[in-house]
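Order of appearance sets the numbers: ligands from 1, and atoms from 1 within every ligand.
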Amino acid sequence: MNIIVTGGAGFIGGNFIHYYLKEHPEDRVICVDKLTYAGNLSTLAPVMDNPNFRFCRLDICDRENVFSLFEEEKPDAVINFAAESHVDRSIENPGIFLQTNIIGTATMMDACRAFGNIRYHQVSTDEVYGDLPLDRPDLFFTETTPIHTSSPYSSSKAGADLLVQAYQRTYGLPITISRCSNNYGPYHFPEKLIPLMIANCLNDKPLPVYGEGLNVRDWLYVEDHCKAIDLILHKGRIGEVYNVGGHNEMRNIDIVKLIIEALGKDESLITYVTDRKGHDLRYAIDPTKIHEELGWLPETKFQDGIKKTIKWYLENRQWWEEIISGEYQNYYEKMYGNR
Ligand code: NAD
Ligand code: TDX
């Protein structure tokens, strides 16, 4: 198979490309990525010389060049990871989220339609379901939970999901959608909670916890997410949505304390800062459908996954130090300077 993977220079797309080329050495992967602030070619360095891999710097909204690439590569499938992905940035600047996440999704699907009704998978998020109350641990998101979004980011992802479903119903495009919970692992951009706390801890910088740190996220090791997407691509039922997550709910403050302990630092680094606007309280996935239909279950326990992740950040300092020494400093000052 020839597959186009968009957003492959980012966190999950990059991990997916490493996973996919290892698991399917007979297939060819073409990575399409615009290389925004979140894209790093160093994430793809280990596969750059692989003859079954091609990198193509391209915006998924650039219709003309996307169509030329399809013409040239004749892909059998497309997996769309490319997105603006950070909730805090969407609160500052929603426009680019609508552009990439909605128009980009439509452009990729139009290309799939134009070149033979190509198989299309949309990488979505549990954030499209909004949030759950903290005092109802019995409630979980299922695939039939209504869409109910909180941030410009989640709204743009929900808009994309609706469009993907409309392309199936209207044009018969063979699509699937996965809605995953919070991922963590190697190559995670240090604007997100876990890598930000690891990097700040290692630099003895304050650890900015929003509000009281009581919000809950359902954490999944990134490789488990990659396995789920691989399964859905090959065995998922066309037209279906699959929730992906692992019954691994944790409060933000507990994650931060765990990282502090693992790195032998002091809890005095914790700084409570002004809460995120519209901050979702709790995410929790019910993964029954993907388990029963495709046999998927998360394989990495959080205690093991977080150790592996911290070890990766210790052993790959250059990867993240390069990021935080550049434009990231302006971002950090803007978001946290007076918070
Ligand atoms: P990321 O921000 O780390 O990476 C995004 C990648 O997309 C970057 O390489 C960037 O350069 C590229 N990109 C952005 N705009 C582009 C454009 N217009 N054209 C081409 N490439 C573009 O994101 P991530 O955390 O790896 O998330 C990947 C996908 O998974 C996203 O669709 C996100 O919504 C979804 N998701 C993420 C999580 C999570 O916990 N990180 C959880 C569930 C779903
Ligand atoms: O400095 C911080 N302090 C803090 O308390 C940051 C960056 C975050 N937080 C909190 C906010 C959230 O409750 O930690 C939690 C996790 O925050 P993020 O890492 O920004 O992730 P989240 O907002 O949950 O969204 C993530 O999961 C779903 C991804 O960024 C999305 O792309 C994905 O769809």
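- Residues Lys227 and Glu299 are paired through a salt bridge, judged by an N-O separation under 4.0 Å between the basic side chain and the carboxylate.
- Contact annotation: for Tyr283 versus ligand 1, there are no heavy atoms closer than 4.0 Å.
- For ligand 2, the polar-atom distance check against Tyr336 finds a nitrogen or oxygen pair separated by under 3.5 Å.
- Between Tyr283 and Phe141, the ring planes lie tilted relative to each other; the angle falls in the 30° to 60° range.
- Salt bridge annotation for Arg119-Asp76: absent, with no cationic side-chain nitrogen under 4.0 angstrom from a carboxylate oxygen.
- A salt bridge between Lys308 and Glu223 is absent, with no side-chain N of the basic residue lying under 4.0 Å from a carboxylate O of the acidic one.
- Set against the non-hydrogen atoms of Val209, the atoms of ligand 2 under 4.0 Å away are 5 (O).
- Proximity of the aromatic rings of His188 and Tyr313 is defined here by a centroid distance below 6.0 angstrom, and this criterion is not met.
- The distance from ligand 2 to the heavy atoms of His86 drops below 4.0 Å at these ligand atoms: 20 (O).
- The option with the heavy atom closest to atom 28 (C) of ligand 1, from among Tyr187, Tyr37, Phe81, Phe11, is Phe81.
- With Asp280 as the fixed residue, the side-chain hydrogen bond (donor to acceptor under 3.5 Å, both in side chains) test singles out one of Ser150, Ser151, Ser154: Ser150.
- Relative to atom 14 (C) of ligand 1, the option among Thr36, Leu220, Ile229, Asn15 with the closest non-hydrogen atom is Thr36.
- Atom 20 (C) of ligand 1 has as its closest protein heavy atom Lys34 N, 3.2 Å.
- For ligand 1, the atoms lying closer than 4.0 Å to a non-hydrogen atom of Lys157 are 31 (C), 32 (O), 33 (C), 34 (O).
- Considering both main-chain and side-chain atoms, Pro208 comes within under 3.5 Å of ligand 2 through a nitrogen or oxygen pair.
- Backbone and side-chain nitrogen or oxygen atoms of Val32 are examined, and none is located within less than 3.5 angstrom of a nitrogen or oxygen of ligand 1.
- Aromatic rings from Tyr187 and His18 are positioned such that their centres are separated by under 6.0 Å.
- Interface atoms of ligand 1 facing Asp59, defined by a heavy-atom separation under 4.0 Å, are 17 (C), 18 (N), 19 (N).
- Looking at Asp33, Ile103, Val128, Asn183 and measuring to atom 8 (C) of ligand 1, the nearest heavy atom belongs to Asp33.
- The shortest N or O to N or O distance between Asp126 and ligand 2 is not below 3.5 Å.
- In this structure, of Gly10, Gly13, Ala9, Gly7, the residue bringing a heavy atom nearest to atom 4 (O) of ligand 1 is Gly10.
- At under 3.5 Å, a nitrogen or oxygen of Glu127, whether backbone or side chain, sits near a nitrogen or oxygen of ligand 2.
- Side-chain N/O atoms of Glu327 and Asn330 include a donor and acceptor closer than 3.5 Å.
- Under the side-chain contact (heavy atoms from CB on, under 4.5 Å) test applied with Pro94, the options Ser155, Pro152, Ser156 reduce to a single match, Pro152.
- Counting heavy atoms only, Tyr210 comes closest to atom 8 (C) of ligand 2 of the residues Tyr153, Tyr210, Phe189, Tyr184.
- In this structure, Tyr153 has a heavy atom closer than 4.0 Å to ligand 1.
- The option from Arg282, Arg276, Arg251, Arg89 that lies nearest to atom 20 (O) of ligand 2, judged by heavy atoms, is Arg276.
- In terms of N/O distances under 3.5 Å, ligand 1 is not approached by Asn40.
- In this structure, Cys180 has a heavy atom closer than 4.0 Å to ligand 1.
- If you look at Leu58 next to ligand 1, the close heavy atoms, those under 4.0 Å, all belong to the backbone.
- Here's the thing with Trp219: none of its N/O atoms is less than 3.5 angstrom from an N/O atom of ligand 2.
- Polar contact with ligand 1: absent for Gly8 (N/O pair, distance under 3.5 Å).
- Ionic pairing of Arg251 and Asp254 is present here: one or more N-O contacts between side-chain nitrogen and carboxylate oxygen are shorter than 4.0 angstrom.
- Between the choices Ser85, Ser124, Ser90, Ser181, the shortest heavy-atom distance to atom 29 (C) of ligand 2 belongs to Ser85.
- Here the CD1-CG distance, from Ile177 to Asn80, works out to 11.0 Å after rounding to the nearest 0.5 Å.
- Under the 4.0 Å criterion applied to side-chain N and carboxylate O atoms, Glu293 and Arg237 are assigned as salt-bridge partners.
- At least one heavy atom of Glu191 sits under 4.0 Å from some atom of ligand 2.
- Polar contact with ligand 2: present for Asn252 (N/O pair, distance under 3.5 Å).
- Under the 4.0 angstrom criterion for non-hydrogen atoms, Ser124 is in contact with ligand 1.
- At least one heavy atom of His279 sits under 4.0 Å from some atom of ligand 2.
- Using a non-hydrogen distance threshold of 4.0 Å, Gly14 does not register as a contact of ligand 1.
- Between Asp131 atom CG and Arg217 atom CZ the span is 8.0 Å, to the nearest 0.5 Å.
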